[in-house]
Amino acid sequence: MHKEVNINRVRNIGIMAHIDAGKTTVTERILYFTGRKHKIGEVHDGEATMDWMPQEKERGITITSAVTSVYWRDHRINIIDTPGHVDFTAEVERSLRVVDGTVALFCAVGGVQPQSETVWHQAEKYRVPRIAFVNKMDRVGANFWAVVEEIRRELGANPVPVVVPIGAEEEFRGLVDLLDMEAIYFEEGSQGIELRRAAVPEGLRPVAEAHREKLLEAAAEADDGILEKYLEGEAPTRDELIAALRRGTIRGNLVPVLCGAAFRNKGIQRLLDAIVDFLPSPGDLPAVTGEWEGHEERRTPSDDEPLSALVFKVQADRHMGKFTYVRVYSGILRTGDVVLNAARGVKQRVGRLFEVHADKRDIVEELRAGDVGAVVGLSDTYTGDTICDERHPLVLEPIEFPSPVIDLAIAPARREDLDRLSRALAYLSAEDPTFVVRADDETGEVVISGMGELHLEIIVDRIRREFGVEVATGIPQVAYRETVLGTVVHEHKLVKQTGGRGQYAHIVFRLEPAGPGEGFQFENKVTGGRIPRDYIPAIKKGFIDAMAEGPFAGFPMVDLKVTLLDGSFHEVDSSEQAFRTCARQALRQAALKAGVELLEPVMSVEVTVPEEYVGQVSGSLAAKRGKILGMEAKGKRAMVRARVPLAEMFGYSSDLRNLTSGRGEFTLHFERYEAVPFSIAEEIASSRREALGAR
């Protein structure tokens, strides 16, 4: 189905939202209306094209970002359907890094929910233009204007409705298109697929005219030509309006807002028009920037430029090996090309290239600037790597991923499956940067870490199904961290004489806390050759080694800044290994001098319940060391927002079910690490030491 399309007729878009806002249903309707498929697949029947994994079909949720291409009005739209569940935030992060625009979905009843807020800010971080689609207008409690106001108030955006709904809930029948000032009705007899155009209903004309005026004002702010016409009382043409709104959207000054009811096939054609009209092509965006050997490199989105592409996803396939998903920013990637992985300094040959449609793949001979596709043959390439023309190297900005917050011990049920389990874990950790595997040296256990209980549950299920390894798991554990409280300058000398060549290393450094979430920062201020430059990377590695196990309770250390100030070396006895060992020993000593505190992941919690249960729910969260942040009415239900330590939230599904007779629901996502109260930290450290001692 691959067709050559001018780069200005390409749209690379993501679809992002809170869980259950209807992302996959919207995508299924897009596939249907664009002719990509001839039968609509429903999520609840396990037939959604983009939810192709067995775990997705069974649970009715999106777990992995799926890619497809459709054609609408002679434009190719490459779509990445992302998960809404917070445990799979890496899939959203990687997708937003490579799309050019997004459709932000909001439930007409739920409005701006926690995960929709999270992904909105992720899109802001990558400066991705957005349009908004208010879905589920047919649901009881649907309120388009309330959602528009929430987008303005809670997301700090400038929402500009380009349609006005005709009716709501069971009476949702159509839209007033403010660009043409005409009504569009969805014919019920055709299940909403056929449209009928008519004059704007008299009862809606004042509302439509008021919002048409606001749309003109937004267009005038984005375009001087329209401003001139507006001031002279002259009406701009439809094309002029679209061009102005498009400019405002791409600059991030406004967000066009549409609405519909995807499950009933209403509003999807108008959404497709908006994707083409308002979201940018690769050619609308500035040159992509990277660096090479300290110099900034730029690539404009053109086939004539040297190749540059970012790997945004790796997928294991037991039959075909590894699929590497790439976004091509410039140049042409061809089958058989030898490309440079600039991030790792290795050259690799491109085996085969594919256009992807969920779990199906069509072989193509090349991927051009602006294309999204998959490559087979890049065995040493991983998520976030840059592949490029070896004669014109550059490294594009990599993708940032959050740290895991929950640990689980895992072992094969049968000893002879140990190698197969190792291979499965290697495959899955290569796919998912937020899934981390490590061996606990003290306990001898293999520990897997992820973003939540569901995340690890899916991983374990995949190990059993896809790799045929039966496993035993422990109880999920909180991924605690350690950090330093104060600033110290520390000196450490390693001197060992063993008869032959000895070991000598001497360093002086300052250790201090870095900002929350800043990880490990290292700065070298040694001058005059006091420590040869060849040994500096080894010193840095030694510090990183030491951070794997903190001195308070043996948890990894985070958010440290180390500044190397001075030191000395021996012409014969100094070596990289000596300096690495010296740094490892020194950091532990310095941390104890600076003071160490235990950190725990704190989650943002949103509980939605019937109003009569608000008191019980608030009390239960407070009893879990939770801080209540606010309450808000959502129709006949109420929403309680709180911040609660993850350690207190295990088993909360059962607690909430019991508290509300099964009528409550909640969402949970990681917000930040915070210090554990001292008395609790002592208990945790003591328990960990006892557990390690027992083993």
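Just so it is clear, the structure is predicted and the values come from calculations on it, not from any experiment.
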Identify whether the distance between the nearest side-chain nitrogen and carboxylate oxygen of [X] and [Y] falls below 4.0 Å.
X	Y	result
Arg423	Asp419	no
Glu671	Arg643	yes
Arg672	Glu674	yes
Arg481	Glu597	no
Arg438	Asp407	yes

Step by step, would you call Arg625 with Val644 a side chain to side chain contact (heavy atoms under 4.5 Å, CB included)? CA-CA 6 Å; Arg625 296 195 282 133; Val644 189; 5.8 Å; no
Is the number of heavy atoms from other residues, nucleotides or ligands under 6.0 Å of [X] [atom1] greater than 12?
X	atom1	result
Lys624	NZ	yes
Lys593	NZ	yes
Lys125	NZ	yes

Sort and list the pairs that fulfil ring pair (Phe, Tyr, Trp, His ring centres under 6.0 Å) and have at least one residue in residues 580-601, not counting sequence neighbours. none
If you compare all heavy atoms of [X] against all heavy atoms of [Y], which two are closest, and at what distance to 0.1 Å?
X	Y	answer
Ile406	Ala479	N-CB, 3.7 Å
Leu408	Gly474	CD1-O, 3.2 Å
Ala578	Gln503	CA-OE1, 3.9 Å
Arg510	Lys525	NH2-NZ, 4.5 Å
Pro513	Thr487	CD-OG1, 4.0 Å
Gly664	Thr660	N-OG1, 2.9 Å

Between the main-chain N or O of [Y] and the side-chain N or O of [X], is there a donor-acceptor pair closer than 3.5 Å?
X	Y	value
Arg327	Phe312	no
Asp461	Glu457	no
Arg414	Val469	no
Glu482	Leu599	no
Thr483	Val558	yes
Gln315	Lys313	no
Glu518	Gly515	yes
Ser422	Leu418	yes
Thr68	Ile79	no

Would you say that [X] contacts [Y] through its side chain, given a criterion of any heavy-atom pair below 4.5 Å between the two side chains?
X	Y	result
Ile463	Leu425	yes
Ile507	Ile539	yes
Leu310	Ile399	yes
Gln348	Asp380	yes
Gln616	Val609	no
Phe435	Met451	no
Val99	Val128	yes
Leu511	Leu587	yes

Measure the acute angle between the ring planes of Tyr504 and His506, then classify it against the limits of 30° and 60° as parallel, tilted or perpendicular. perpendicular
Plane angle bin for Phe520 and Phe543 - parallel if under 30°, tilted between 30 and 60°, otherwise perpendicular: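 Phe543 vs Phe520 ring planes: tilted.
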List the steps and the verdict of side chain to side chain contact (heavy atoms under 4.5 Å, CB included) for Val484 and Met557. CA-CA 8 Å; Val484 294; Met557 301 189 77; 4.0 Å; yes
Nearest 0.5 Å please: distance from the [atom1] atom of [X] over to the [atom2] atom of [Y].
X	Y	atom1	atom2	answer
His121	Tyr126	NE2	OH	15.0 Å
Glu576	Arg580	CD	CZ	9.5 Å
Thr383	Asp432	OG1	CG	8.5 Å
Glu665	Glu606	CD	CD	9.0 Å
Thr27	Ile80	OG1	CD1	11.5 Å
Phe650	Gln477	CZ	CD	7.0 Å

Using the rule side-chain contact (heavy atoms from CB on, under 4.5 Å), only one of Thr563, Ile531, Val526, Val489 pairs with Val508; which is it? Val489
What residues form a ring-ring contact (aromatic ring centres under 6.0 Å, His included) with Tyr535, not counting sequence neighbours? Phe579
Ring centres under 6.0 angstrom apart (Phe354, Phe323): yes
Strictly by modelled atom types, are Thr581 and Gln577 linked by a side-chain donor-acceptor pair under 3.5 Å? yes
Thr381 and Asn341 side chains, donor-acceptor separation under 3.5 Å: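 Present: a donor and an acceptor within the cut-off.
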Ring-face cation of Lys322 near Tyr382 (centre distance under 6.0 Å, axis angle within 45°):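 Yes, Lys322 sits over the ring of Tyr382.
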Does NZ or CZ of Arg420 fall inside the cone over Phe467's six-membered ring, less than 6.0 Å from its centre and within 45° of the axis? no
Let me see the working for Arg462 and Glu431 under salt bridge (Lys or Arg N to Asp or Glu O under 4.0 Å), right down to the final yes or no. CA-CA 12 Å; Arg462 290 186 64 189; Glu431 275 190 18; 3.0 Å; yes
Begin from the C-alpha positions of Glu523 and Lys540 and carry the test salt bridge (Lys or Arg N to Asp or Glu O under 4.0 Å) through to its verdict. CA-CA 9 Å; Glu523 187 178 358; Lys540 183 177 179 181; over 6 Å; no
Let's go through Val471 and Arg464 carefully: what are the C-alpha distance in whole Å and the side-chain angles of both, what is the deciding distance for side chain to side chain contact (heavy atoms under 4.5 Å, CB included) to 0.1 Å, and is it a yes or a no? CA-CA 7 Å; Val471 293; Arg464 288 174 176 146; 3.9 Å; yes
